[in-house]
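Below is one structure, written out as structure tokens, with a few remarks after it.
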Amino acid sequence: MSIKPKFYIKDLKDNVGEEVSLKGWLYNKRSSGKIKFLILRDGTGYVQCVVFKGNVSEEVFDAADKLTQESSFEVTGKVKEEPRSIGGYELDVTDLKIISLAQEYPITPKEHGIEFLIDNRHLWVRSKRQVAILKVRARVVKAIRDFFDSHGFTLFDPPIITPNACEGTSTLFEMDYFDLGKAYLTQSGQLYEESGALALGKVYSFGPTFRAEKSKTRRHLTEFWMVEPEMAFYDLDDDMDLAEEFIEYVVQTVLNDCKEELNILERDTSKLENIKRPFPRISYTEAVEILKKKGVDFQWGNDFGGADETLIGEEFDRPVMIHRYPTEVKAFYMKRDPENEKVVLAVDVIAPEGYGEIIGGSQREDNLDLLLQRIKDHGLPQSYFEWYLDLRRFGSVPHSGFGLGLERTVSWICGLEHLREAIPFPRMIYRNTP
RNA sequence: UCCGCGGUAGCUCAAUGGCAGAGCAUGCGGCUGUUAACCGCAGGGUUGUAGGUUCGAGCCCUACCCGCGGAGCCA
């Protein structure tokens with residue numbers, strides 16, 4: 001006994017002229033007396049099913065009449081090409097079985113407010129736009145894995161529960177951990193990736209990370225996914241080379257494989273076609289000059305705000321890599337520039353079209369004494385970092401890495417207004433349901 | 001935490017301090033090519049909560065709750 005579908009909508013082009021059975025849900029229904037148009041969705045696509053009163057039994061016609069939005073049903077009919085129809089194919093219905101009649105469905109084919117949609121996120125994910133976004137997200141995830149797996153990287157999973165603040169800066173989600181006191185949800189696996197790089201050469205992690213910041217903007221989630229490669233014997237230039245090759249690969253892959261989805265999202269793909277190496281590379285100091293030229297009253301030494309990033313990003317038609325930030329605004333583990341102690345060998349990649357920072361990375365401080373000094377300067381407890389300092393005591397090497405935020409990348413590629421659509425169930429400061 | 005905007009039917013929104021309405025959704029009826037179909041009829045309300053002003057409050061005032069947009073914060 002098996003009930004799994006033998007046919008899916010995306011494959012109907014191979015079944016023209018044949019009779020097939022499809023299973024799915026009613027997306028929409030239009031009726032004109034003795035003819036009914038049912039739009040079926042099955043997760044792979046949409047197809048219009050035409051029910052003529054003269055072609056089917058009375059029971060089948062009544063069943064088609066009874067179907068409510070999002071009712072599940074099985075439908076049998078002959079596939080034909082039909083340019084007037086969504087997807088270009090149509091089903092001439094001969095049989096129809098209702099599987100489950102849906103109650104009055106809250107998300108009607110009219111506009112809705114964001115609060116209502118998020119409250120119904122478990123149902124909202126069924127709508128055409130959300131399906132397209134989530135398919136792009138899945139493709140981005142696969143592209144990320146494919147890229148690193150085929151470039152000599154080994155997947156190296158860091159812990160989610162950590163005893164200390166990796167960066168020592170941002171606010172973490174705290175929990176009681178048995179008799180060991182407080183533990184925290186990770187904000188970054190980076191320090192652990194460094195130990196992996198010294199074991200395996202090139203490693204990456206890919207998973208959820210958590211920030212308890214009270215950020216209330218379209219660019220922030222409290223739970224988001226990050227991919228973090230870390231490479232032994234890479235300097236900042238090597239790091240930037242990798243980052244731009246990586247971004248180019250992800251964007252071009254999605255562009256090639258998700259045409260249908262990007263079309264549904266009405267994304268201007270010409271903007272994405274530009275995303276080819278080399279990306280512009282400017283120093284923080286040069287970025288500050290751009291801001292000043294644009295009339296922004298900006299003090300060298302401060303970090304860029306969202307508006308600043310947008311202004312800088314507007315200058316370029318592809319991601320811009322800003323390197324060598326002031327030491328004070330960056331994390332303790334970043335290596336100082338031997339040629340200028342005021343800056344560190346860090347790089348942020350700013351996406352175009354105002355999507356902001358998608359990558360933050362750096363060459364790491366590999367000198368034990370300098371790293372100890374930076375930990376002291378940041379007022380961090382050295383005892384928490386003894387294991388990390390061991391990485392400098394036992395065969396330290398120059399190494400680098402970066403982190404890329406998945407939802408920001410998906411938002412940029414899809415052209416979304418808000419990060420909350422780029423993940424199935426967004427977690428935000430004032431929202432942890434459904 | 002701060003600034004701004006908002007909360008009216010299941011949903012999206014109207015309503016000069018004076019009878020609480022429309023579209024969609026739902027139900028019933030009509031229509032053999034619809035594309036957020038269309039046409040007719042019907043049901044559907046503690047106007048976020050509490051208090052106040054007033055002959056009379058959805059509308060004005062006070063407090064609170066919730067949400068949205070942004071700032072700050074944030075590898």
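A note on names: the letters A, B, ... follow the listed sequences, proteins ahead of strands, and every chain is numbered from 1.
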Discussion item. For A:Ile118 and A:Met334, find the nucleotide of RNA chain B closest to each by heavy atoms; which residue's nucleotide sits nearer the 5' end?
Written reply: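 Closer to the 5' end of RNA chain B: A:Ile118.
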
Discussion item. Between A:Thr68 and A:Asn28, which residue's closest nucleotide on RNA chain B lies nearer the 5′ terminus?
Written reply: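 With A:Asn28 and A:Thr68 compared, the 5'-side residue is A:Thr68.
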
Using a 4.0 Å heavy-atom cut-off across all strands, classify [X] as base, sugar-phosphate, or nothing.
X: A:Arg364; answer: nothing
X: A:Phe402; answer: nothing
X: A:Arg431; answer: nothing
X: A:Lys216; answer: base
X: A:Ser362; answer: nothing
X: A:Gln69; answer: nothing
X: A:Lys66; answer: nothing
X: A:Gly403; answer: base

Span that lies between the [atom1] atom of [M] and that of [N], in whole angstrom:
N: B:U12; M: B:C61; atom1: P; result: 25 Å
N: B:C60; M: B:G43; atom1: P; result: 32 Å
N: B:A71; M: B:C55; atom1: P; result: 47 Å
N: B:G69; M: B:G17; atom1: P; result: 30 Å
N: B:G21; M: B:A15; atom1: P; result: 15 Å
N: B:C41; M: B:A20; atom1: P; result: 22 Å
N: B:C11; M: B:G45; atom1: P; result: 13 Å
N: B:C3; M: B:C59; atom1: C1'; result: 25 Å

Item to complete: Give a yes or no on whether a salt bridge exists between A:Arg364 and A:Glu230, defined as a side-chain N under 4.0 angstrom from a carboxylate O.
Response: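 Looking at A:Arg364 and A:Glu230, the cut-off is met.
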
Worksheet item: Should the pair A:Arg267-A:Glu261 be classified as a salt bridge under the 4.0 Å nitrogen-to-oxygen rule?
Response: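 Looking at A:Glu261 together with A:Arg267, the answer is no, because their closest N to O distance does not fall below 4.0 Å.
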
Could you tell me how far apart [X] ([atom1]) and [N] ([atom2]) are, to the nearest whole angstrom?
X: A:Phe52; N: B:U32; atom1: CZ; atom2: C1'; result: 6 Å
X: A:Phe116; N: B:C11; atom1: CZ; atom2: P; result: 6 Å
X: A:Glu223; N: B:C74; atom1: CD; atom2: C1'; result: 17 Å
X: A:Ile429; N: B:C74; atom1: CD1; atom2: P; result: 14 Å
X: A:Leu416; N: B:G69; atom1: CG; atom2: P; result: 14 Å
X: A:Arg408; N: B:C74; atom1: CZ; atom2: P; result: 13 Å
X: A:Leu38; N: B:G33; atom1: CG; atom2: C1'; result: 13 Å
X: A:Asp65; N: B:G29; atom1: CG; atom2: C1'; result: 11 Å

Strand partner of [N], provided both Watson-Crick or wobble distances fall under 3.5 Å:
N: B:C38; result: B:G30
N: B:A14; result: none
N: B:U1; result: B:A71
N: B:A50; result: B:U62
N: B:G43; result: none
N: B:A9; result: none

With the side chain of [X] defined as its heavy atoms from C-beta on, choose the nearest nucleotide among [options].
X: A:Thr217; options: B:A71, B:C31, B:G33; result: B:A71
X: A:Arg420; options: B:G33, B:C68, B:G72; result: B:C68
X: A:Ile35; options: B:U32, B:C74, B:C68; result: B:U32
X: A:Ser215; options: B:C31, B:G33, B:C73; result: B:C73
X: A:Lys214; options: B:G72, B:C31, B:C74; result: B:G72

Worksheet item: So, for A:Arg324 and A:Tyr284, which heavy atoms are closest and what is the spacing to 0.1 Å?
Response: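 Minimum heavy-atom contact is O-CB, 3.1 Å.
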
Please state whether the base of [N] and the side chain of [X] form at least one donor-acceptor pair under 3.5 Å?
X: A:Glu90; N: B:G33; answer: yes
X: A:Thr108; N: B:C11; answer: no
X: A:His112; N: B:C11; answer: no

Item to complete: Drop me the distance from A:Met428's CE to A:Ser215's OG, to the nearest 0.5 angstrom.
Response: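 If I round to the nearest 0.5 Å, the distance is 12.5 Å.
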
For the rings on [X] and [Y], is their centre-to-centre separation under 6.0 Å?
X: A:Phe298; Y: A:Phe304; value: yes
X: A:Phe206; Y: A:Phe148; value: no
X: A:Phe153; Y: A:Phe147; value: no

Fill in: Between A:Gln373 and A:Asp369, a side-chain donor and acceptor under 3.5 Å
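Checked: A:Gln373/A:Asp369 side chains show no N/O donor-acceptor pair below 3.5 Å.
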
